[in-house]
Amino acid sequence: QVQLVESGGGLVQPGGSLRLSCAASGSIFYISAMGWYRQAPGKQRELVALIINGGITDYLDSVKGRFVISRDNAKNTVYLQMNSLEPEDTAVYYCKLTAKPQSTLASRDYWGRGTQVTVSS
């Protein structure tokens, strides 16, 4: 089984910074992508940032220039550095891993349990 453990959420004032981490463990043969999603109350879950093999990244328009996604392949860990945080960034942030658990199996998505980020003065 694959497990994702997120950390780094919390309460921060507008303009502040937070760094989220998500460590993947378990039966992982090949990772094709890791990403961060968020869901605010009453809203649909949305993609915040994605990093795929080769280091290609993609971001939600509203976080471009403020958030940076990175990955440590040796540790199967993905990070999200969030700067210049705004109240609109308040949400539960979820880590997602797209990976093959074994060479003979198809890729599938795995989700973390989420970490709360609250931006408020």
Side-chain angles (χ1 to χ4, degrees):
Q1 291 192 356
V2 176
Q3 291 185 329
L4 300 177
V5 178
E6 299 138 326
S7 61
L11 173 64
V12 64
Q13 292 185 342
S17 298
L18 283 174
R19 188 191 194 209
L20 305 183
S21 299
C22 173
S25 62
S27 177
I28 302 172
F29 174 75
Y30 177 79
I31 296 174
S32 57
M34 299 185 80
W36 290 95
Y37 291 70
R38 69 186 182 189
Q39 187 167 18
K43 295 187 177 181
Q44 290 189 333
R45 191 174 296 188
E46 61 183 355
L47 172 66
V48 176
L50 182 71
I51 184 165
I52 63 176
N53 285 346
I56 298 172
T57 58
D58 191 23
Y59 295 92
L60 180 69
D61 283 346
S62 63
V63 309
K64 287 180 180 177
R66 300 188 297 122
F67 291 10
V68 178
I69 189 170
S70 60
R71 177 178 159 184
D72 185 331
N73 293 328
K75 296 181 179 180
N76 285 341
T77 299
V78 63
Y79 305 95
L80 185 67
Q81 178 66 44
M82 305 186 294
N83 301 320
S84 302
L85 282 160
E86 303 169 354
E88 293 72 24
D89 297 316
T90 295
V92 177
Y93 284 70
Y94 297 90
C95 172
K96 189 179 90 168
L97 168 74
T98 301
K100 299 181 69 169
Q102 299 178 31
S103 62
T104 56
L105 298 178
S107 291
R108 57 161 291 183
D109 293 334
Y110 301 89
W111 289 91
R113 294 190 173 188
T115 183
Q116 177 70 46
V117 172
T118 302
V119 185
S120 175
S121 55

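Here the structure is a predicted model, which is why all the values come from computation and not from measurement. We count residues from 1, following the sequence as given. All values below come from the heavy atoms of this structure, side chains included, with hydrogens, waters and symmetry mates left out.
- Follow the hydrophobic side-chain contacts under 4.5 Å out from Y37 and you never reach I31; the two are in separate clusters.
- Going from atom CD of E88 over to atom OG of S62 covers 9.0 Å, rounded to the nearest 0.5 Å.
- V48 and Y94 fall into different hydrophobic clusters, where Ile, Leu, Val, Met, Phe, Trp and Tyr residues are linked whenever their side-chain heavy atoms come under 4.5 Å apart, directly or through other members.
- Distance check: M34 CE to L80 CG gives 12.0 Å after rounding to the nearest 0.5 Å.
- Scanning both residues, L20 and G9, for their nearest heavy atoms gives CD2-N, 3.6 Å.
- Taking CG of L60 as the reference point, atom CZ of R66 lies at 9.0 Å (rounded to 0.5 Å).
- No more than 12 heavy atoms of other residues, nucleotides or ligands sit less than 6.0 Å from atom CD of Q3.
- At least one side-chain heavy atom of Q116 sits under 4.5 Å from a side-chain heavy atom of T90.
- Among all heavy-atom pairs drawn from R38 and D89, the shortest one is NH1-OD1, 3.0 Å.
- Panel note: side chain S121, backbone Q13; no donor-acceptor pair is recorded below 3.5 Å.
- Proximity of a side-chain donor or acceptor of T115 to a complementary backbone N or O of S7 within less than 3.5 Å is not detected.
- A single hydrophobic cluster is not seen to contain both V63 and I52; linkage of ILVMFWY side chains at heavy-atom distances under 4.5 Å, directly or through other members, places them apart.
- Within the model, atoms OG of S27 and NZ of K100 stand 12.0 Å from one another, a figure rounded to the nearest 0.5 Å.
- For the residue pair I69 and G35, the shortest heavy atom distance occurs at CD1-CA, 4.2 Å.
- Residue G114 comes nearest to E6 through the heavy atom pair N-OE1, 2.5 Å, listed as atom of the first residue, atom of the second, then distance.
- Going from atom OH of Y30 over to atom OG of S107 covers 8.0 Å, rounded to the nearest 0.5 Å.
- Note: the hydrophobic cluster containing V92 does not contain V12 (ILVMFWY, side chain heavy atoms under 4.5 Å, direct or indirect links).
- Note on ring orientation: taking the six-membered ring where Trp is involved, the planes of Y93 and F67 are tilted (angle from 30° to 60°).
- Put simply, OG on S120 and CG on L85 are 12.0 Å apart, with the number rounded to the nearest 0.5 Å.
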> Can you list the steps and then say if S17 with N83 is a side-chain hydrogen bond (donor to acceptor under 3.5 Å, both in side chains)?
Replying inline: CA-CA 4 Å; S17 298; N83 301 320; 3.0 Å; yes

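- Each of I56, V68, T57 was scored for a side chain to side chain contact (heavy atoms under 4.5 Å, CB included) with I51, with one residue passing: T57.
- Under the 4.5 Å side-chain heavy-atom criterion for grouping Ile, Leu, Val, Met, Phe, Trp and Tyr, L50 is not connected to M82 through any hydrophobic cluster.
- Across V78 and C95, no two heavy atoms sit closer than the pair CG1-SG, 3.9 Å.
- The two residues L47 and W36 make their nearest non-hydrogen contact at CD1-O, 3.6 Å.
- Within 6.0 Å of NZ in K43 there are 12 or fewer heavy atoms belonging to other residues, nucleotides or ligands.
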